[in-house]
Protein chains: 2
Amino acid sequence: MSRASAKTRCDTVLKRGAERRDVLRALGEVFRAHGYEGASLTLITDATGLGKGSLYNLFPGGKEQMASEVLAEVDTWFECNIYAPLREASDPARAIAAMIAGVDQYFHSGNRICLVGLVALGAARDTFAEAVDDYFARWHAALAQLLQRSGLNRRQAQRRTEDALLTIQGALVLARARNDAGIFRRALNNLTARLLAPPE
Amino acid sequence: MSRASAKTRCDTVLKRGAERRDVLRALGEVFRAHGYEGASLTLITDATGLGKGSLYNLFPGGKEQMASEVLAEVDTWFECNIYAPLREASDPARAIAAMIAGVDQYFHSGNRICLVGLVALGAARDTFAEAVDDYFARWHAALAQLLQRSGLNRRQAQRRTEDALLTIQGALVLARARNDAGIFRRALNNLTARLLAPPE
DNA sequence: GACTCGTTGTACCGATCGGTACAATCTTCC
DNA sequence: GGAAGATTGTACCGATCGGTACAACGAGTC
């Protein structure tokens, strides 16, 4: 998942990919709900409505390929809706507000889990280590770069970016743990202010 | 896991509990490494050195009881080493520094995962929902109370406490995802400053 | 030493795991 | 319509899942 392929990925016309998209979406929800190990083929066939035959025809690599493609799909979404806008933004305040809005939308205001974070914590981390690291690394790079353009020095930009990413992850964990999506909403609000604060 | 039993739990003399403690410790590491679903009995027997016979003699309730007792053990550790000191502290600054130091120690400076957070994200959340919520709720109560005593109003104390807990969780996730324990260390440093900052 | 009773290893249980084989079916193109 | 190729449901595979049964073993007690 290199930076170079990012642009083309976003503009790709999905000829016969529409239904595959639907399958990937369903797969994503199964993995989110049960984790990589917990997502049994029975659960997967139920969620997708596809039999094993179709499933292994679509994903010859089995469960690993399914999860891998789901992660790639997540990555693409963030690339198009979060990272690219951050990189191309001229107005930092607007860009940050847009990022927060995008994150809030993607995670259903705290009612949806971060699949990448979930995979990172589980035993499957090693299998998908590259995709996991890449997801956060590219987010980090895009946001830190924007913060630097907005006037922060490199060190401050790095620190604030790290803070932003872990705040989002932590808010998702805590919101889920305490079954209180308000935690996520409040964290995002607070985060906006912290990111937009003047250099210290 | 009620608040009332907290005190006695800490002072309990473990007559024949010493070896059970060791087993629970090993169990904890297996669950941390593989999650609840992923921790198969084979992995468990390997990690504990106990056969199934001994295991089901010690834990008639099977895997669920094992995980339940491990969570209780985690809870006890935090009760004794984190929550109780926070409640009984007279000097807020010292208490917060002690909390951060305890957290850093427990999570091996970012190289160890939060089992409660992991369970919260997984499918086993519902099974252990009460223990999970309780863990964070008691931490929240103890810290918020201390912050109020240090001069913050209720609202600010709540906000900062929520921020502290999710920062710790998020830092653990991100540190693991990016395989960089430095993220956790930096987050804890930053958190100390934020908690000790004067009322806004 | 014999009796007790908690502890342990081991064989085994049905269910389910991820994955494969393959015949039946559906499309597509001529 | 019919040949060709992709797509699908279903039966099946060995391995492993969490859990049980039980006989062998162990430390105490008399």
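Below, read A as the first sequence line, B as the second, and so on, with proteins coming before strands; counting in each chain starts at 1.
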Checklist entry - Can you check the B/Glu19 CD to C/dT8 P distance for me, whole Å? => result 8 Å
Item to check | Distance in angstrom units between A/Leu50 CG and D/dA6 P, rounded | outcome: 18 Å
Checklist outcome for this item: B/Ile44 CD1 to D/dG18 P, in whole Å, measures 7 Å
Item to check | Flag side-chain contact, heavy atom, 4.5 Å: A/Val74 against A/Val116 | outcome: yes
Checklist entry - Tell me, do B/Arg155 and B/Gln158 make a side-chain contact under 4.5 Å, heavy atoms counted? => result no
Next on the checklist: As a test of reading the structure: which of D/dT10, D/dC17, C/dC17 is closest to the side chain of B/Ser40, going by heavy atoms?
Outcome noted: D/dC17
Next on the checklist: Counting C-beta onward and ignoring hydrogens, is there a side-chain heavy-atom pair between B/Thr167 and B/Arg194 closer than 4.5 Å?
Outcome noted: yes
Next on the checklist: Are A/Trp77 and A/Glu73 packed together at the side-chain level, in the sense that at least one heavy-atom pair is separated by less than 4.5 angstrom?
Outcome noted: no
Next on the checklist: Measure CD/B/Glu37 against P/D/dC17 and give the value in whole Å, please.
Outcome noted: 14 Å
Checklist entry - Should A/Asp180 and A/Arg186 count as an ion pair when the cut-off is N to O under 4.0 Å? => result yes
Checklist entry - Between B/Arg138 and B/Asp75, does at least one N-O distance fall below 4.0 Å, as a salt bridge requires? => result yes
Checklist entry - When you check the phosphate oxygens OP1 and OP2 of D/dT16, does a side-chain N or O of B/Thr42 lie under 4.0 Å from one of them? => result no
Checklist entry - Near DNA chain C, which residues from residues 53-65 of chain A have a heavy atom under 4.0 Å away? => result A/Tyr56, A/Gly62, A/Lys63
Checklist entry - In whole angstrom, what separates A/Leu41's CG from D/dG9's P? => result 15 Å
Checklist entry - Between atom CG in B/Leu43 and atom P in D/dC17, what is the gap in whole Å? => result 7 Å
